[in-house]
Number of protein chains: 2
Amino acid sequence: MSTLKKSPTEFHHGELRESLITAGIKQVESHGLNSLSLRQLSIVTGVSQTAAYRHFEDLEHLKAEVSKASREILGKMMLARIARIDESDPRKLAIARLWEAGDAYIEFGMRRPNLFEIAFISYDSPKLKPEDPSPWGILNSCLDELYEKKLISAETRKDGPLIAWSMVHGFAGLASQRFTGTVRETKLSAEIVLNSVLRSLKIR
Amino acid sequence: MSTLKKSPTEFHHGELRESLITAGIKQVESHGLNSLSLRQLSIVTGVSQTAAYRHFEDLEHLKAEVSKASREILGKMMLARIARIDESDPRKLAIARLWEAGDAYIEFGMRRPNLFEIAFISYDSPKLKPEDPSPWGILNSCLDELYEKKLISAETRKDGPLIAWSMVHGFAGLASQRFTGTVRETKLSAEIVLNSVLRSLKIR
DNA sequence: GAACAATGTTAACAATGTCAACATTAAAGA
DNA sequence: TCTTTAATGTTGACATTGTTAACATTGTTC
């Protein structure tokens with residue numbers, strides 16, 4: 001277990017900060033946000049109860065880092081879906097990228113609700129620099145591309161991120177809490193929502 | 001203080017359950033979700049540390065009730081805004097009702113972010129019956145009215161709740177965390193979002 | 001190689017969730 | 001009315017956790 005190793009010596013772990021965040025992600029994903037504790041995390045990682053305090057000011061800062069890591073996972077999932085698209089028509093490609101990015105966002109909310117929860121819970125108290133690539137950044141790239149390909153207006157380019165993110169984020173949040181019925185229903189609902197996003201952007 | 005009184009006798013509080021929920025709302029609103037504790041709540045309410053256990057199975061169940069109470073507050077705010085509308089044209093009235101309901105929802109997220117947070121945090125573990133009137137119910141009433149007035153299609157009546165709620169809920173959540181800049185900007189953004197909802201519903 | 005910074009450990013305290021045992025009151029049935 | 005019982009509240013106790021202080025070990029720098 002990489003989370004258990006202490007390298008290079010037995011005393012110094014070597015990558016404790018990263019291990020703690022990784023263990024935090026695992027813990028939150030499998031047992032929920034409330035189960036996150038500095039002590040248990042330290043022990044699982046193979047160090048003493050208070051070792052984490054050498055890397056995080058307090059529990060809130062640790063949570064903020066796990067939150068950021070969750071958003072990074074989400075960002076990677078979005079990029080992975082975008083990379084998998086097979087489409088030669090540049091216009092269709094631009095639209096497909098927005099669609100897949102949004103669908104990946106929704107899938108993340110459905111499949112990993114606990115990570116989605118911590119990803120977007122008030123995490124700005126301990127100030128963090130925006131991760132790269134962030135979901136917000138990816139969305140803006142998609143809209144940039146749509147604008148370059150003349151598929152949306154300048155005004156829509158300006159308001160689009162707000163509209164698209166609100167809709168997708170809102171649905172993902174509701175779906176992650178099973179507000180929207182079964183998974184099968186949610187799949188269909190996701191299509192409705194994504195189609196509605198495209199309509200809102202008034203794609204030409 | 002109603003939360004402190006023990007009636008009718010000194011031993012029995014009389015309305016402890018309601019007092020605890022009310023105190024919980026206050027506590028969450030002013031000091032955040034994490035500050036909620038059974039012990040402190042009991043003491044604030046004027047009873048012993050463990051009195052709350054006669055009314056709530058555990059902390060999670062107490063949270064679920066505070067969550068439900070928060071949604072009820074939101075529902076009342078939406079209804080209050082709807083009731084304040086002065087509009088004689090039935091069609092304009094129906095549209096205004098949806099607008100005001102959505103705007104109240106967004107305002108709730110902005111002005112009372114801590115209540116908004118607990119209102120829509122995974123609260124379904126301890127099963128609860130839907131409160132009355134729920135935000136979801138109010139939204140559906142608005143769409144019913146739009147449909148009766150022939151302002152939206154049957155299909156939109158079906159998909160509308162999902163679309164409208166996703167958009168408004170998503171934006172409210174983002175706004176409650178100041179993702180969208182200053183309050184002034186948020187006011188403008190709210191208009192953009194609500195206009196986008198109306199466009200998505202393809203009002204005739 | 002010595003001084004210093006970084007990292008990890010141990011011990012301790014307060015706050016909290018929770019349970020068990022007990023006390024008091026209200027409610028219901030004789 | 002009186003007794004029994006359920007509902008409600010209290011006290012004491014224990015485990016877990018966040019957090020700090022004091023101390024120990026290791027890596028780094030001059």
Side-chain angles (χ1 to χ4, degrees), chain A residues 1-24 26-28 30-67 118 121 123 125-126, chain B residues 1-24 26-28 30-67 118 121 123 125-126:
Chain A
M1 302 301 184
S2 68
T3 54
L4 287 177
K5 83 174 170 193
K6 287 188 184 183
S7 66
T9 73
E10 274 306 308
F11 189 84
H12 277 138
H13 184 286
E15 333 174 290
L16 183 51
R17 184 187 166 85
E18 294 73 19
S19 295
L20 286 169
I21 294 174
T22 304
K26 276 188 193 170
Q27 180 66 25
V28 170
S30 48
H31 295 96
L33 175 54
N34 292 342
S35 76
L36 201 61
S37 96
L38 278 175
R39 292 177 92 111
Q40 186 246 15
L41 225 54
S42 297
I43 293 172
V44 163
T45 313
V47 291
S48 71
Q49 303 171 340
T50 60
Y53 281 90
R54 299 299 156 191
H55 301 276
F56 304 97
E57 225 177 90
D58 56 22
L59 178 61
E60 284 309 300
H61 284 74
L62 185 272
K63 276 186 186 171
E65 293 293 343
V66 174
S67 172
I118 198 175
I121 215 165
Y123 60 86
S125 318
Chain B
M1 302 302 182
S2 68
T3 55
L4 287 177
K5 82 173 171 194
K6 288 188 184 183
S7 66
T9 74
E10 275 303 310
F11 189 86
H12 277 137
H13 184 286
E15 332 174 291
L16 184 50
R17 184 187 166 87
E18 295 72 20
S19 295
L20 286 169
I21 294 174
T22 304
K26 277 187 191 170
Q27 180 67 24
V28 169
S30 48
H31 296 96
L33 175 54
N34 292 342
S35 76
L36 201 61
S37 95
L38 278 175
R39 292 176 91 112
Q40 186 246 15
L41 225 53
S42 296
I43 293 171
V44 163
T45 312
V47 291
S48 71
Q49 303 169 340
T50 60
Y53 282 91
R54 300 296 157 193
H55 301 276
F56 305 97
E57 222 177 273
D58 55 23
L59 179 60
E60 284 308 301
H61 283 74
L62 185 272
K63 277 186 185 171
E65 293 293 343
V66 174
S67 172
I118 198 176
I121 215 164
Y123 59 87
S125 317

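Throughout, a chain's letter reflects where its sequence line sits, starting with A, and its residues are numbered from 1. The analysis underlying the following values was restricted to heavy atoms, covering all of them including side chains, and did not include hydrogens, waters or symmetry mates.
Atom pair A:Leu62:CG and D:dT19:C1' shows a separation of 14 Å (rounding to whole Å applied). Spacing between atom CG of B:Leu41 and atom P of C:dT16 amounts to 11 Å, rounded to whole angstrom units. As a whole-Å value, the separation of A:Ile43 CD1 from C:dG8 C1' is 14 Å. Distance, A:Leu38 CG to D:dT16 C1': 13 Å, rounded to whole Å. For A:Phe56 and D:dT19, the CZ to C1' distance is 16 Å, given to the nearest whole Å. Protein atom CG of B:Asp58 is 17 Å distant from nucleotide atom P of C:dT16, rounded to whole Å. Atom C1' of nucleotide C:dG17 and atom CG of A:Asn34 are separated by 12 Å, given to the nearest angstrom. Atom P of nucleotide C:dT24 and atom CZ of B:Arg54 are separated by 15 Å, given to the nearest angstrom.
With hydrogens and angles left out, the side chain of B:Arg17 and the base of D:dT8 share no donor-acceptor pair within 3.5 Å. Side-chain to base pairing of B:Thr50 with D:dT11: one donor and one acceptor N or O lie within less than 3.5 Å of each other.
Listed nucleotides: D:dG9, D:dG18, C:dA20. Nearest to the side chain of B:Leu16: D:dG9. Comparing atom distances between the B:Arg39 side chain and each of C:dT16, D:dT8, D:dT19 picks out C:dT16 as nearest.
For B:Ala52 and A:Gln49, each mapped to the nucleotide of DNA chain D holding its nearest heavy atom, the one lying further toward the 5' end belongs to B:Ala52. Mapped onto DNA chain D by nearest heavy atom, A:Ser35 and A:Glu57 fall at different nucleotides, with A:Ser35 at the one closer to the 5' end.
Phosphate proximity of D:dT19 to A:Tyr53: present, with a side-chain N or O under 4.0 Å from OP1 or OP2. OP1 or OP2 of D:dG9 has at least one side-chain nitrogen or oxygen of B:His55 nearer than 4.0 Å. Residue A:Ser37 places at least one side-chain N or O closer than 4.0 Å to OP1 or OP2 of D:dG18.
With rounding to the nearest 0.5 Å, the separation of CG in A:Leu20 from OG1 in A:Thr45 is 4.5 Å. To the nearest 0.5 Å, atoms CG (B:Leu33) and CD (B:Gln27) are separated by 10.5 Å. Atoms CG and CZ, from B:Leu41 and B:Arg39 in turn, are 13.0 Å apart once rounded to the nearest 0.5 Å.
Between B:Ile118 and B:Lys63, the closest heavy-atom pair is CD1-O, 4.0 Å. Across every non-hydrogen atom of B:Ser42 and B:Ser48, the tightest pair is CB-O, 3.1 Å.
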